[in-house]
Amino acid sequence: MTDDPFENMLAQMDRAEEYADVDHGIFERLKHPERTLKVTLPVELDSGEVEVFEGYRCQFDSARGPFKGGVRFHPSVTQREVEALAGWMTWKTALVDLPYGGAKGGVICEPKELTQNDLESLTRRYTEGIRRMIGPEVDVPAPDMNTNPQTMAWMMDTYSMYEGHSVPQAVTGKPLEIGGTPGRVEATGRGVSLVTERLFEYLDRDLSDATIALQGFGNVGSNAARLLDEAGANVVATSDVSGAAYDPDGLDVAALGAHVDAGGLISEYVAGEYRGNADGSTWDNPDQITNAELLTLDVDVLIPAAVEGVITADNVDDLRASAIVEAANGPTTVAADEVLTERDIQVVPDILANAGGVIVSYLEWVQNAQEFSWPLETVNAELERRIGDAFDKTIEQYDTKELPDLRTAAYTLALERTAKAHEYRGLFP
């Protein structure tokens, strides 16, 4: 099976076609992005050198509303990856019933090698490069891998300078002081936690003391770990680029979070080089394992929360988790999916599990448009209502149509909703 994320997405669509009530002609249209822009970004760095970066913005499908999708800064960004992610955003927004189409952007760079000034210059240059195809009613960017509220502030400011007035609804995921919404930063991780709780209710199992391994302890993984820990689950392993920490008795999630928030790596935490414990306290050292070993731990739930394509035909036979909740985009290849279905391992797909971020981005966009704001309690309650409703409808589709897996159920719903929008709108001209 190909490692191409776009081919992976198309294969996921193909698996759902026979179950979805979608005209074949419209189905074929849904396989092609509407447009992809490639931009060349010369930036003068703090070092005095001028480096030329490449960036992309893909707008996949606008039948249901304006395009919506994040912007990532990463060395592995490719046009195909950005197009796949834009497609996944299309199905995600349809599944959770938001009035959006899908988009995604990316810049090929290594953020760790750039200063804060370099990142600002690169962000502003990228925003200028794509500004003719974005806007509050057209395409609304948001944070993604290696981007954050500060990145969105620069994007919003750059867009606003060209408009001649402040346009907060041009992007979401902004700082609170310039139109951001409380709850946005932890929204994706909160959604992962809520979906995991729903899965256990559906399986008639108790989440208390369930063992959970999270691959990835960035914004999504760390918030999901904290919330699941608070819900009584036992987070036994997590990881970052430096390696993974494992403790069968459960990690001290709060201490690990404080260490990472202070700039520490998991490998340092395992070695006892703690940061963030201002009171001088100590705790038992977990074991150091590799990211590959983390994936094969005997746990109740595996949550891949890093990059795409980590569960493959090469390692799927070694997986021992009872269920998988996909916090990352596209972490499971189609070949691995087929094996997991045969083994009756429930997989909550990415387009459902990590939809919390885009749900709260939508709430931020609505608040900006109305020049009105909601308290955190309202935002979190609306997130829980919307992602819970999407989970219930996915389960209903899975059970009533006797579908092979939850991913097919989710895709069936998303494809039918998007196709229906195309049917009503027709073809122009």
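As the structure is a computational prediction, the values presented were derived from the model and not from experiment. Only heavy atoms go into these numbers, but all of them, side chains included; no hydrogens, no water, no symmetry mates.
In this structure, CG in L98 is found 6.5 Å from OG1 in T93, a value given to the nearest 0.5 Å. Note: W154 CH2 to S121 OG = 8.5 Å, rounded to the nearest 0.5 Å. With values rounded to the nearest 0.5 angstrom, I266 atom CD1 is found 5.0 Å from L256 atom CG. Distance CG/L340 to CG/L319: 6.5 Å, rounded to 0.5 Å. In this structure, the separation between CE on M155 and OG1 on T151 is 9.0 Å, given to the nearest 0.5 Å.
The existence of a salt bridge linking E230 and R226 is confirmed by a sub-4.0 Å separation between a basic side-chain nitrogen and an acidic carboxylate oxygen. A salt bridge does not link R29 with D61: none of the charged nitrogens is closer than 4.0 Å to a carboxylate oxygen. Salt bridge status for E384 with R190: absent, with no side-chain N to carboxylate O gap under 4.0 Å. At a threshold of 4.0 Å, the pair R343-D317 does not count as salt-bridged, since none of the basic side-chain nitrogens sits closer than that to a carboxylate oxygen. Ionic pairing of D97 and K393 is not present here: no N-O contact between side-chain nitrogen and carboxylate oxygen is shorter than 4.0 angstrom. Remark: R124 engages E120 in a salt bridge, criterion side-chain N to carboxylate O under 4.0 Å.
Sorted by first and then second residue, the pairs that involve residues 317-370 and meet ring-ring contact (aromatic ring centres under 6.0 Å, His included), not counting sequence neighbours, are Y100-Y362, Y100-W365.
Put simply, the side chain of E364 gets close to the backbone of G173: a donor and an acceptor are under 3.5 Å apart. Looking only at distances, no side-chain donor or acceptor of N146 sits under 3.5 Å from a matching main-chain atom of H74. A donor-acceptor pair is defined here as one N or O able to donate and one able to accept, closer than 3.5 Å; no such pair exists between the side chain of D350 and the backbone of E326. Using modelled atom types, no side-chain atom of N291 and backbone atom of Q215 make a donor-acceptor pair closer than 3.5 Å. Distance alone, capped at 3.5 Å, is enough to place a donor-acceptor pair between the N223 side chain and the N219 backbone. Within the 3.5 Å criterion, the main-chain N or O of G189 finds no donor-acceptor partner in the side chain of S193. Of the possible polar contacts, none joining the Q346 side chain to the L199 backbone as a donor-acceptor pair under 3.5 Å is found. With hydrogens and angles disregarded, a donor-acceptor distance shorter than 3.5 Å links the side chain of E416 to the backbone of D21. In this structure a side-chain-to-backbone donor-acceptor pair under 3.5 Å is missing from D144 to V71. Using modelled atom types, no side-chain atom of R80 and backbone atom of P5 make a donor-acceptor pair closer than 3.5 Å.
Between V171 and V140, the shortest heavy-atom contact is CA-CG1, 3.8 Å. Residue T418 comes nearest to A63 through the heavy atom pair O-CB, 4.4 Å, listed as atom of the first residue, atom of the second, then distance. Heavy-atom minimum distance, R425 versus S62: NH1-O, 3.3 Å. Counting all heavy atoms, side chain and backbone alike, K31 lies closest to P33 at O-CD, 4.0 Å. Taking every heavy atom of both residues into account, V192 and A224 meet most closely at CG1-CB, 4.0 Å. In plain terms, the two heavy atoms of L294 and A244 that are nearest each other are CD1-CB, 3.9 Å.
The side-chain heavy atoms of T412 and T394, taken from C-beta on, include no pair separated by under 4.5 Å. With contacts defined as side-chain heavy-atom distances shorter than 4.5 Å, the pair R407/T332 qualifies. Taking 4.5 Å as the limit, some side-chain heavy atom of E338 sits within range of a side-chain heavy atom of R15. Between M156 and S166 the shortest side-chain heavy-atom distance falls below 4.5 Å. Looking only at side-chain heavy atoms (C-beta outward), L403 and Y411 stay at 4.5 Å or farther from each other. When side chains are defined from C-beta on, L122 counts as touching C109, because their heavy atoms get closer than 4.5 Å. Side chains of V43 and D118 form no contact here, defined as non-hydrogen atoms less than 4.5 Å apart. Counting only heavy atoms from C-beta outward, the side chains of L85 and R72 approach each other to under 4.5 Å.
Between the side chains of D405 and T408, a donor-acceptor pair is found at a separation under 3.5 Å. Checking K68 against T172 by side-chain atom types alone, a donor-acceptor pair falls below 3.5 Å. Under the 3.5 Å distance criterion, with hydrogens and angles disregarded, no donor-acceptor pair is assigned to the side chains of N234 and T211. A side-chain donor from one of S242 and D240 sits under 3.5 Å from a side-chain acceptor of the other.
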* **Working for side-chain contact (heavy atoms from CB on, under 4.5 Å), residues L45 and L114** => CA-CA 8 Å; L45 304 178; L114 300 173; 4.2 Å; yes

* To do: Begin from the C-alpha positions of E17 and H24 and carry the test side-chain contact (heavy atoms from CB on, under 4.5 Å) through to its verdict.
  => CA-CA 8 Å; E17 184 183 13; H24 184 69; 2.7 Å; yes

* **Test side-chain contact (heavy atoms from CB on, under 4.5 Å) applied to F60 and W91, step by step** => CA-CA 10 Å; F60 200 91; W91 318 134; 4.0 Å; yes

* Asked: Between T181 and W374, does a side-chain contact (heavy atoms from CB on, under 4.5 Å) hold up when you go through it step by step?
  -> CA-CA 8 Å; T181 188; W374 297 316; 5.8 Å; no

* D392 vs R198, salt bridge (Lys or Arg N to Asp or Glu O under 4.0 Å): CA-CA, chis, key distance, verdict -> CA-CA 9 Å; D392 291 344; R198 289 286 185 127; 2.9 Å; yes

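Applying the 6.0 Å contact sphere to CD of Q370 captures more than 12 heavy atoms from other residues, nucleotides or ligands.
Relative to the ring axis of Y162, R131 places its NZ or CZ within 45° and under 6.0 Å from the centre.
In summary, of the residues considered (V301, I311, L295, V348), a side chain to side chain contact (heavy atoms under 4.5 Å, CB included) with I324 occurs for I311 alone.
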